[in-house]
Amino acid sequence: MRMRSYQVCECGAPLRLAESETPTPQGTQVLMKLLAAGVCHSDLHIWDGYYEVGGGKKLNLIERGIKLPLTMGHENVGEVIALGPDARGVQVGDVRLVNPWIGCGLCKVCLRGDENLCVKPQSIGVYAQGGYATHMIAPHPRHLFDIGKLTPREAAPLACSGVTAYSALKKVQATLKDEPLVVIGAGGVGLMGITLARKMGASAVIAVDIDPAKRDAALTAGATRAIDGAAPDAVKQIQAATGGGAWAVIDFVGSSQTANLAIASIIKGGTVVVVGLFGGDVTVPTPFLPLRAMTLRGSYVGSQNDIAELLELVNRTGMPQVPIRTRPLDEVGAALGDLRAGKVVGRVVLTAAG
Ligand SMILES: [Zn+2]
Ligand SMILES: [Zn+2]
């Protein structure tokens, strides 16, 4: 059986189609035939090879251990087609979501349950070969999750945008039901955040985005109000809409501008969770931390438990109202180009033909 994959061979250069023999799974590995692979904004950073970290500085991903050629794609649902001799718990024919946020399984962070924060990350589609391909290897069956009644194209985005939003929402759960939640950025992950927030019991979600099309999408996804983040009085509008300042703001963009907007919009004792990796920096006067009793924290993808909880939540309450468009695998380059041009509302999922 032949395998086709689209690889980054040089940072920022067009992906190259590679053909090879389908790998034979070793040890605990599982060979999957890809059914759906979501296209994520973070692929643009991986492809470019860096994150902006403010002040014109870059965080170089090759220096951080990403090796080329790399097949990106970390939102994958596939069908099990072969098992390594030590792989237990799945069978040929099973359709599974692959948790890409995997670690060594042995370090202190992994053993605490946060494999996504492993000190030696081995994330699929980032450090290991991902799903912009006809086939992929999952290193261990523990990372494979039953999608229940969801279809592969529905389930795929849950592996990154879904779990990223869910894990961030868990960090503001204390005020979620009773106080308006502010969500900055209504791209793929932000829309997921809005709709999951409602499913988790949020009574009011205020979406902030500079793009009117994304504000409309946010309202359709369940936001109770949408505010233009570029308005000169955006902070005042958020404070008015939250009755004096937000208890919780999730920044799904992560630029200097959005993080500063988030920090300015909270009430004393409020929390800002930064999720987006757009890049930038913030300066917070240290007295603000005690005087405003503020919490500024980050959230990075999600844990094995988060994925299990999210699948349970979505199977019980229905799929998030995020528009999903499918495109054939061979259009991966065009799909990434559209994403970079800001032309995608919701999520694009690739399906391998044949
Ligand atoms: Zn992603
Ligand atoms: Zn680890």
Side-chain angles (χ1 to χ4, degrees), residues 6 8 28 34 36-51 59 61 64-66 70-77 97-133 136 139-140 142-143 145 153-169 185-193 196 250-254 274-279 298-307 310 320 322 324 332 335-336 338-340 344 346-350:
Y6 284 88
V8 180
T28 60
L34 265 304
V39 180
C40 176
H41 198 273
S42 66
D43 284 331
L44 299 178
H45 297 291
I46 299 165
W47 188 10
D48 289 339
Y50 62 86
Y51 289 109
L59 180 67
L61 297 175
R64 308 247 309 170
I66 290 183
L70 170 73
T71 305
M72 300 190 296
H74 52 263
E75 293 187 341
N76 305 310
V77 173
L97 178 77
V98 185
N99 174 15
W101 311 114
I102 65 182
C104 66
L106 302 168
C107 73
K108 275 164 75 170
V109 186
C110 282
L111 291 175
R112 200 180 56 186
D114 294 325
E115 238 182 283
N116 54 309
L117 303 178
C118 176
V119 296
K120 290 183 197 152
Q122 296 166 24
S123 320
I124 292 169
V126 184
Y127 296 100
Q129 304 303 330
Y132 295 162
M136 64 171 286
H140 195 284
R142 76 172 184 276
H143 303 118
F145 291 82
R153 64 183 276 262
E154 287 175 329
L158 300 178
C160 179
S161 87
V163 79
T164 296
Y166 180 76
S167 189
L169 287 163
V189 188
L191 288 178
M192 193 70 93
L196 288 175
I250 303 180
D251 177 4
F252 284 107
V253 181
V274 178
V275 177
L277 287 161
F278 182 91
S299 186
Y300 180 65
V301 297
S303 66
Q304 286 265 101
N305 266 345
D306 291 339
I307 291 192
L310 173 62
V322 176
I324 295 176
V332 58
L336 286 164
D338 285 355
L339 199 59
R340 196 187 293 277
V344 177
R347 212 63 170 169
V348 171
V349 174
L350 302 171

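Counting starts at 1 for both ligands and their atoms, following the listed order.
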Exercise. In Å, rounded to the nearest 0.5 Å, how long is the span from OG of Ser42 to OH of Tyr300?
Worked result: 7.0 Å
Problem set entry | ring-ring contact (aromatic ring centres under 6.0 Å, His included) contacts touching residues 102-130 (sequence neighbours left out) | none
Exercise. Less than 4.5 Å apart, any side-chain heavy atom of Gln122 and any of Pro139?
Worked result: no
Problem set entry | Atom pair CG (Asn76) and CG (Leu97), whose distance is rounded to the nearest 0.5 Å | 8.5 Å
Seminar exercise, completed: Closest heavy-atom pair, Val109 versus Cys118, reported as atoms and distance to 0.1 Å, is CG1-N, 4.2 Å
Exercise. What is the distance from atom CZ of Phe278 to atom CG of Leu44, rounded to the nearest 0.5 Å?
Worked result: 11.0 Å
For this session: Apply salt bridge (charged side-chain N to carboxylate O under 4.0 Å, His left out) to Asp48 and list each qualifying residue two or more places apart in sequence or on a separate chain.
Result: Arg340
Exercise. What is the distance from atom OH of Tyr166 to atom OG of Ser299, rounded to the nearest 0.5 Å?
Worked result: 12.0 Å
Seminar exercise, completed: What lies under 2.8 Å from the Zn ion (ligand 2), restricted to protein N/O/S atoms, is Cys104 SG, Cys107 SG, Cys110 SG, Cys118 SG
For this session: Hey, could you give me the OG/CG distance between Ser167 and Leu196, rounded to the nearest 0.5 Å?
Result: 11.5 Å
Problem set entry | For the Zn ion (ligand 1), every protein N/O/S atom that sits closer than 2.8 Å, waters excluded | Cys40 SG, His74 NE2, Cys160 SG
